[in-house]
Structure formats: C-alpha cells, structure tokens
Protein chains: 2
Amino acid sequence: MSRTIFPAPDHDHKRCTNAAIAHAEAHCAARAQRLTPMRRQVLETLLESHKPLGAYEIIEHLAHEDRPAPITVYRALNFLKDNGLVHRIESRNAFVACVHNHECDDIVVFLICERCGTVGEAPGGTAAKALETAARAAGFVPKSPLIEIAGICSHCRKR
Amino acid sequence: MSRTIFPAPDHDHKRCTNAAIAHAEAHCAARAQRLTPMRRQVLETLLESHKPLGAYEIIEHLAHEDRPAPITVYRALNFLKDNGLVHRIESRNAFVACVHNHECDDIVVFLICERCGTVGEAPGGTAAKALETAARAAGFVPKSPLIEIAGICSHCRKR
DNA sequence: GCGCTTTTTGCTGCGGCGCAACATAAATGT
DNA sequence: ACATTTATGTTGCGCCGCAGCAAAAAGCGC
C-alpha cells in the first residue's frame, strides 16, 4: 500500500479528472461500450470530488440543466460500476469514481475519512489475498471481497 | 480462521440460540443494561436464522402479536449492536445475530453465501491486522474495519 | 408506598435509496 | 430505409432509517 493513496485536499483536481475520463473513453472503446453523455456526466460529477456521493446528490448536481430521474442516474451508475469506472461504498450507500491507482484484478481497500469524507482507494495486497485464502480454507468460495476502513486521514489529523 | 465457522444448514439451532440468549443476559447484567422483552424478541428473531434480516422482515416476523413500528425495531437493533449482540451487514442493509465464535476485540470477517443467504462470522486474524497496519502506514488512523466476503458456502457447493 | 428521574416504547411523519414496468427515443447493422 | 438493439424518460412503488414528541414503564430515594 503506497503512501500516496490518499488524495491530498489541495491536489490538482483537473489532472486526475482528465486522466480518468480519458481512461474511461479508452476502456469503453476497447469493449464496444458507449460512454454516453449521461454516463459521462455522472462520472464527471463523481470525479469532481473524492467523496462518495449518493444518487440523489448526483441528481442535485446535474439539476442545473435537465434534472434526470433517479432511475436514469442509477442506470448510469450501474453501467459505470460494471465497467469498473466507479465503486460503490456499501457503508455509505454512495459511489466514488475509481482512481485506478491499482491493478484491475486487485482487491481494493477503501479508506474512508470520517472527518472530511474523502475516500482513498488502495490495493489490498497480501493481506486481502490472505483473507481470501482463509475463506477458502473454511470451504467458502469467495467472489467479491468488500473491505472498507473508516477512520481519520492524515490531512485531517494534522489540522 | 477455523473450519467450523460456517453454520451447517442442519445444525442444532436451539442450542446456539439458547447459548446466545444466555450470553446476552449475562452481558447486559454485567453492564447494567436492560434486555427488555422487545430487545429480546428482536434478538431471538435474528437467532432463528443465520441469515441477515432487514428491520422490516423482523417486524413481519413479530407481527403475529402486536406489530411494532419500524422505529421501535431500529432502536432495539441499535441497542443490540451497541452491546455487540448483533452485527450489521452493510452490503445487505440487514442484521445478523452475533454468534460469538471470536474474541470480542477481534476484527470480524463476514462470509455471506449468495445461494442460501447464510452468514458465517470469522475472526479476521493476522490478515485483518495486516490491513490495519497498512492503513496506518498510509497515514490513516483506522477505526472500524469492515470486511464482508460474498461467495458460495461449502454446503451449497456440495449440492 | 409515593413522588421524582431516567429509560424505554409508541405514534406521526418524512426523506433518502433503489428499482420494476412500460413507453419513447436514439444508435447500430444490413 | 428498415428492423433491431440499446439507451433514456415516465410513472409508481416499496424498503430503509430516523427526527420529534408523547406516553408508559422501570429504577431510586425517602
């Protein structure tokens, strides 16, 4: 787990946004999936913060032009999730854009700051693999490990 | 992680229920907490299955006498949760009774069978500790790790 | 037992979450 | 151009979770 996995509050936001959008376009093109305007807007909304947003918060954010219905946003979110472009934070019933600082087949650990709400995304590494192995030892065939750790991030602790 | 952490579908259900109720009584008595009829009924409902139940399912189950309001069940669930007698399964928005096959201060791993819905509760052991350590290395102060693994349990796989 | 405080439960109401079912529009393929 | 697939819009609904206040019950000192 690297030491830079948690986004600094003052980092260059447009840079990672542009990179993520470019990645999304390439990824969809490669898989013959369509990154429609709706889907792109939802993704961009999530990219504008590293905090998890609920579907209704996304709606609020997009409301300035033509407020989409909840189901529309949920469909876009499902598409993005199926394509690995966003993650769902189960403990928050909310979504974050994937920042791709991990291998695609890696188990991901979410670090959720209780103070500022920012979510860091870290490769699970050997610990996550060990969990899977232990589960298998109990006769359990794991599909999708879910690891979320709430706490206080380094930037908030310094304040 | 022991090999018996996942409850067999045909195990003696009354035995573990009685044990858990006895534990709950002792635990509450020791802490001057009151295991009221309402709270006991909610706990018993959860103990009657190893599957996670939503609050409204619990209401349905208790409806034969005097249907409690949602808020009543949520309050009982919060009490039970605060006292470590039930766990919330975040990925299901539901609750399971704690089976206490782990140390109280252990990080718990939930194994959730996608076929039968049964939830196994396992001590996280060294892997969970390693996750905490790695999070700290990234400057993150972890509070409450949440680990849920969906998959297929051994009993369902044999079928 | 009697009043007082604390705890628990009941009641009303509400907002967020998540999607099913169906209709319409847009893109794609031939 | 046409049929087929895919995406979006519309309506509606059920579950989740709790705030705010009122009533009842339990504990406590006297």
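A quick note: this is a predicted structure, and the numbers were derived from the prediction, not measured.
A/His155 pairs by the side chain to side chain donor-acceptor pair (under 3.5 Å) definition with nothing, not counting sequence neighbours. Partners of B/Arg88 according to the salt bridge (charged side-chain N to carboxylate O under 4.0 Å, His left out) rule, which considers only residues two or more places apart in sequence or in another chain, are B/Glu90. Applying the side chain to side chain contact (heavy atoms under 4.5 Å, CB included) test to B/Asn78 and every residue at least two apart in sequence or in another chain returns nothing. Remark: A/Arg15 pairs with A/Asp12 by the salt bridge (charged side-chain N to carboxylate O under 4.0 Å, His left out) rule, at least two apart or across chains. Looking at residues two or more places apart in sequence or on another chain, you find no salt bridge (charged side-chain N to carboxylate O under 4.0 Å, His left out) involving B/Glu44.
Regarding B/Leu35, its CG atom lies at a distance of 15 Å from the C1' atom of C/dT9, rounded to whole Å.
Defined by atom type and a distance below 3.5 Å, a donor-acceptor pair is missing between the side-chain atoms of B/His100 and B/His27. A/Gln41 and A/His61 share no side-chain donor-acceptor pair at under 3.5 Å.
For the pair A/Gln33 and B/Arg92, both in contact range of DNA chain D, the more 5′-proximal nearest nucleotide belongs to A/Gln33. Nearest-nucleotide positions on DNA chain C place B/Ala69 closer to the 5' end than the other of A/Ala94 and B/Ala69.
Distances shown here put a side-chain N or O of A/Asn93 below 4.0 Å from the OP1 or OP2 atom of C/dG18.
The minimum heavy-atom distance linking B/Asp106 with B/Gly125 is given by the pair OD1-N, 4.4 Å.
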Quiz item: Can you give one letter per nucleotide of nucleotides 19-30 of chain C, 5' to 3': B if a protein heavy atom sits under 4.0 Å from the base, S if only from the sugar-phosphate, - if neither?
Solution: B-------S---

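Ring planes of B/Tyr74 and B/Tyr56: perpendicular class, angle over 60° (limits at 30 and 60°). A perpendicular orientation is assigned to the rings of B/His50 and B/His13, their planes being inclined by more than 60° (bins at 30° and 60°).
Over its length, the helix from C/dG1-D/dC30 to C/dT30-D/dA1 turns its helix axis by 30°, as judged from the five terminal pairs at each end, rounded to 10°.
Classification of A/Arg40 and A/Glu25 as a salt-bridged pair holds, one side-chain N sitting under 4.0 Å from a carboxylate O. Between B/Glu148 and B/Arg92 there is no salt bridge, since no side-chain nitrogen of the basic residue lies less than 4.0 Å from a carboxylate oxygen of the acidic one.
As judged by a 4.0 angstrom heavy-atom cut-off over every strand, A/Arg88 is placed among residues touching the sugar-phosphate backbone only.
Contacts between residues 20-32 of chain B and DNA chain C, defined by a heavy-atom separation under 4.0 Å, are absent. Using a 4.0 Å cut-off on heavy atoms, the residues of residues 36-47 of chain B that approach DNA chain C are B/Thr36, B/Met38, B/Arg39, listed by number.
Other residues sharing the hydrophobic cluster of B/Ile71, ordered by chain and number and joined by side-chain separations under 4.5 Å: none, the residue standing alone. Membership of the apolar cluster around A/Val108 extends to A/Ile89, A/Val96, A/Phe110, A/Ile112, A/Val119, as traced through chained side-chain contacts below 4.5 Å between ILVMFWY residues.
In this structure, A/Arg157 contributes its side chain and B/Phe140 its backbone to no donor-acceptor pair below 3.5 Å.
Where DNA chain D meets chain A (any atom under 4.0 Å from a heavy atom), the bounding nucleotides read 5' to 3' are D/dT6 to D/dT10.
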